[in-house]
Amino acid sequence: PCGLVVALVLAWAVFVIVKYYGSDRFAINISALDTLINGMFSFNFFHSYFLKVCYSILLAVWIFFVSIGVGAYLLKFLRVLGEDKYGEKLVFSLGLGLCAISTITLFLGFMGLYYRWIFYVVLVFMSLVAVHSWRNVWQGDSPANKSKPGSFSSNKIIWSIVGFLLLVNLVGTLTPEIFYDSLNYHLASPNYYIQNHRILPMLTNFYFAFPMNMEMLYTFALLLSDEILSKMMHFITCIGIVLALLAFGRRYLTEKAGLLSAVFYLSMPMVAMNTWTTAVETGQTFFQLLGFYVLLNSLLCEETTQRRNWLILSGIFTGFAMGIKYTAFTILPISLVVLVWHGLVKRKKNLKIVIREAFLYGSVAFVMILPWLLKNSVDHKNPFYPFIGQYIGEPKISKQKWMSFKDTGVRDVAATLKNAGLRKELLLHPWLITMGGQSNADFVGPIFLVFVPLLILVKLLSPPMKMMGLYLIITW
């Protein structure tokens, strides 16, 4: 049977690949390729754009290490990590550092302090904190465990693939920004705030009322440099996802599993299409992944104080992810379902203890999103504006405008459950999205569909894998 299973899996993989690449949607555009090649030969190291890109890269590297240093300082304050066996300190520090930069930028905007010189002072001050952190917090502590000599050589090819895919994404990130949503609000809102030196409502564009934690990072970048640095901030979160997948694999699976996860993630065209822009999806993915990762650490921790500290850190990351996009608000209830299920069903804990842990986690997440809810309450008289903006809030949203906003590819759960055809589409969703997706919201590529049989053949036996499976099914 083992040979038969392998043959069937290979046959399925060949079928998917042939079906996927057999269409003419991937036909090579010779004229575009010719233009690209000619452009490469006209490259000039002293072109003003190239010099601009080099400056943005230097600033991005500076901000990357500052974020890690400041985040490590905050991580030490939370007391969640002792000996770092898996490289978690690096990725959690990066996440906390970016949270700090975004939050500082937000409150400086509320105070009307959007001036370039102020943000260079902030960067220098954070650099001093980071230097102190690197010298003390990281002293004698490797940011990641070293692989065994034999295993490292077997992973070298995978590391090379990860590096190549990150390089491709970096090149795309360094191109000029032309993404419509960025020009409409992802970069337009920071630019509007900078022109007025403070955060102000834009009554003619209700997208400005969205939670904007990632846009605060873009505002920070624009005040220091330009839109290329803003795009680099989004790329930094892509690097963070790779580091998080690697650390997650080391803790709960193997280092190779973490590396392969990074390859699978970076191979999706939609990841590149989002990372290359000042959109927010890559950033949301990073912080949502950190939130769930740390939640797992908490649920599987035996020591009470440590478990509480893990819950606080998870709440910070979850709340920050919720402050990136309204659709991320679903993260909190889904995570609470996993928390309660694990506590009551798997651990047989006392109901009061589970409720206390859920309340702590939810409260921290709520505090992280609260500034945006208060902002909308003041600006629009509706904390969730533009939602229910037809009835509550200022200015009122017309039905026509709301319908144009609503019809953006979001799944209508109620309609799906009522309609047999839509239920069938839901079941076939992995196939349909793979074969039909070509946008930055559904262009997933064939790799996941190729390996779907492994989900059937491989049982999720370990507790963290069961919780991750529950989380992903509900999210889907």
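Numbering of residues begins at 1 and proceeds along the displayed sequence. These numbers were taken from a predicted model, which means no experiment stands behind them.
- The two residues Met212 and Tyr207 have their closest heavy-atom pair at CE-O, 3.4 Å.
- Annotation: side chain of Thr237 is not in contact with side chain of Leu94 (no heavy-atom distance under 4.5 Å).
- Interatomic distance, CD1 of Ile239 versus CG of Asn169, reported as 9.5 Å (0.5 Å rounding).
- A ring-centre distance under 6.0 Å is found for Tyr293 and Phe92.
- Put simply, the side chain of Met467 reaches to within 4.5 Å of the side chain of Leu300, judged on heavy atoms.
- The two residues Asn376 and Asn382 have their closest heavy-atom pair at CB-O, 3.2 Å.
- Counting non-hydrogen atoms of other residues, nucleotides and ligands closer than 6.0 Å to CZ of Phe164 gives a total of 12 or fewer.
- By the neighbour-count criterion of 12 heavy atoms within 6.0 Å, atom CD of Gln195 is densely surrounded, having more than that number from other residues, nucleotides or ligands.
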(request) Evaluate the criterion side-chain contact (heavy atoms from CB on, under 4.5 Å) for residue pair Met465 and Leu253; output intermediate values, then yes/no. (result) CA-CA 9 Å; Met465 293 302 101; Leu253 297 165; 4.0 Å; yes

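- Between Ile199 and Tyr193 the shortest heavy-atom distance is CA-CD2, 3.7 Å.
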(message) Working note: His380 + Glu394, criterion side-chain contact (heavy atoms from CB on, under 4.5 Å); need CA distance, chi angles, decisive distance, verdict.
(response) CA-CA 5 Å; His380 300 286; Glu394 299 175 0; 5.5 Å; no

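- Atom CZ of Phe125 has 12 or fewer heavy atoms from other residues, nucleotides or ligands within 6.0 Å.
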(request) Just do the side-chain contact (heavy atoms from CB on, under 4.5 Å) check on Trp372 and Asn213 with the steps written out, would you? (result) CA-CA 9 Å; Trp372 296 110; Asn213 278 338; 2.9 Å; yes

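- Taking the six-membered ring wherever Trp is involved, the centroid distance between the rings of His197 and Tyr115 falls below 6.0 Å.
- Although no hydrogens or angles enter the test, the distance criterion places no donor-acceptor pair under 3.5 Å between the side chain of Ser67 and the main chain of Gly97.
- Judged purely by distance below 3.5 Å, without hydrogens or angles, the side chains of Tyr114 and Thr219 never pair a donor atom with an acceptor atom.
- Closest of all the heavy-atom pairs between Phe208 and Asn184 is CE1-O, 3.7 Å.
- Under the 6.0 Å cut-off for aromatic ring centres, Tyr385 and Phe206 do not qualify, their centroids lying 6.0 Å or more apart.
- Using modelled atom types, one side-chain atom of Ser314 and one backbone atom of Gly291 make a donor-acceptor pair closer than 3.5 Å.
- Side-chain atoms of Thr275 and Thr282 include a donor-acceptor pair closer than 3.5 Å.
- The main-chain N or O of Met202 is never found under 3.5 Å from a side-chain atom of Asn205 such that the two would form a donor-acceptor pair.
- Remark: the backbone N or O of Ile331 is paired with a side-chain donor or acceptor of Ser335 at under 3.5 angstrom.
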(request) Check the pair Leu174 / Ile57 against side-chain contact (heavy atoms from CB on, under 4.5 Å), numbers first and verdict last. (result) CA-CA 9 Å; Leu174 299 177; Ile57 291 175; 3.9 Å; yes

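- Between Thr330 and Thr475 the shortest side-chain heavy-atom distance does not fall below 4.5 Å.
- Judged by distance alone, the side chain of Asn196 and the main-chain N or O of Arg198 form no donor-acceptor pair under 3.5 Å.
- Residues passing the ring pair (Phe, Tyr, Trp, His ring centres under 6.0 Å) test with Phe220 are Phe119, sequence neighbours excluded.
- Salt-bridge check for Glu88 with Arg250: failed, with every basic side-chain N at 4.0 Å or more from each acidic carboxylate O.
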(message) For a side chain to side chain donor-acceptor pair (under 3.5 Å) check, start with the C-alpha distance between Asn297 and Tyr252, then their side-chain angles and the critical distance, and finish with the verdict.
(response) CA-CA 10 Å; Asn297 290 357; Tyr252 293 114; 2.5 Å; yes

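- Here the straight-line distance linking atom CG of Leu170 with atom SG of Cys238 works out to 10.0 Å at 0.5 Å rounding.
- The neighbour count for Leu167 CG, taken as heavy atoms of other residues, nucleotides or ligands under 6.0 Å away, is above 12.
- Electrostatic pairing of Lys52 and Glu227 counts as a salt bridge here, judged by a charged N lying under 4.0 Å from a carboxylate O.
- Taking the side chain as every heavy atom from C-beta outward, Tyr73 and His132 approach each other to under 4.5 Å.
- A ring-centre distance under 6.0 Å is found for Phe329 and Tyr326.
- Between atom CG of residue Leu339 and atom OG of residue Ser298 there is a gap of 7.0 Å, rounded to the nearest 0.5 Å.
- A donor atom on one side chain and an acceptor atom on the other are found under 3.5 Å apart for Thr278 and Glu177.
- Between the OG1 atom in Thr173 and the CH2 atom in Trp276 there is a gap of 8.0 Å [rounded to 0.5 Å].
- Residues Ile63 and Leu224 form a side-chain contact, since some pair of their non-hydrogen atoms from C-beta on lies under 4.5 Å apart.
- Side-chain contact between Leu470 and Ile334 is absent, with no heavy atoms from C-beta onward closer than 4.5 Å.
- Note that CZ of Phe264 is 12.0 Å distant from CG of Leu165, once rounded to the nearest 0.5 Å.
- Checked against the 6.0 Å centroid criterion, the rings of Phe292 and Tyr471 qualify as a close aromatic pair.
- No side-chain heavy atom of Thr285 sits less than 4.5 Å from a side-chain heavy atom of Asn274.
- In terms of modelled atom types and a separation under 3.5 Å, the side chain of Ser225 and the main chain of Leu222 share no donor-acceptor contact.
- Annotation: side chain of Phe287 is in contact with side chain of Leu98 (closest heavy-atom distance under 4.5 Å).
- Heavy atoms from other residues, nucleotides or ligands lying under 6.0 Å from CZ of Arg79 number 12 at most.
- The main-chain N or O of Val129 is never found under 3.5 Å from a side-chain atom of Ser133 such that the two would form a donor-acceptor pair.
- Shortest non-hydrogen contact noted between Gly95 and Phe317 is C-CE2, 3.6 Å.
- Side-chain atoms of His186 never come within 3.5 Å of backbone atoms of Val280 as a donor-acceptor pair (strictly under, hydrogens ignored).
- Between Pro176 and Lys231, the shortest heavy-atom contact is O-NZ, 3.6 Å.
- Taking CD1 of Ile161 as the start and OG of Ser267 as the end, the distance is 10.0 Å to the nearest 0.5 Å.
- With hydrogens and angles disregarded, a donor-acceptor distance shorter than 3.5 Å links the side chain of Arg116 to the backbone of Leu223.
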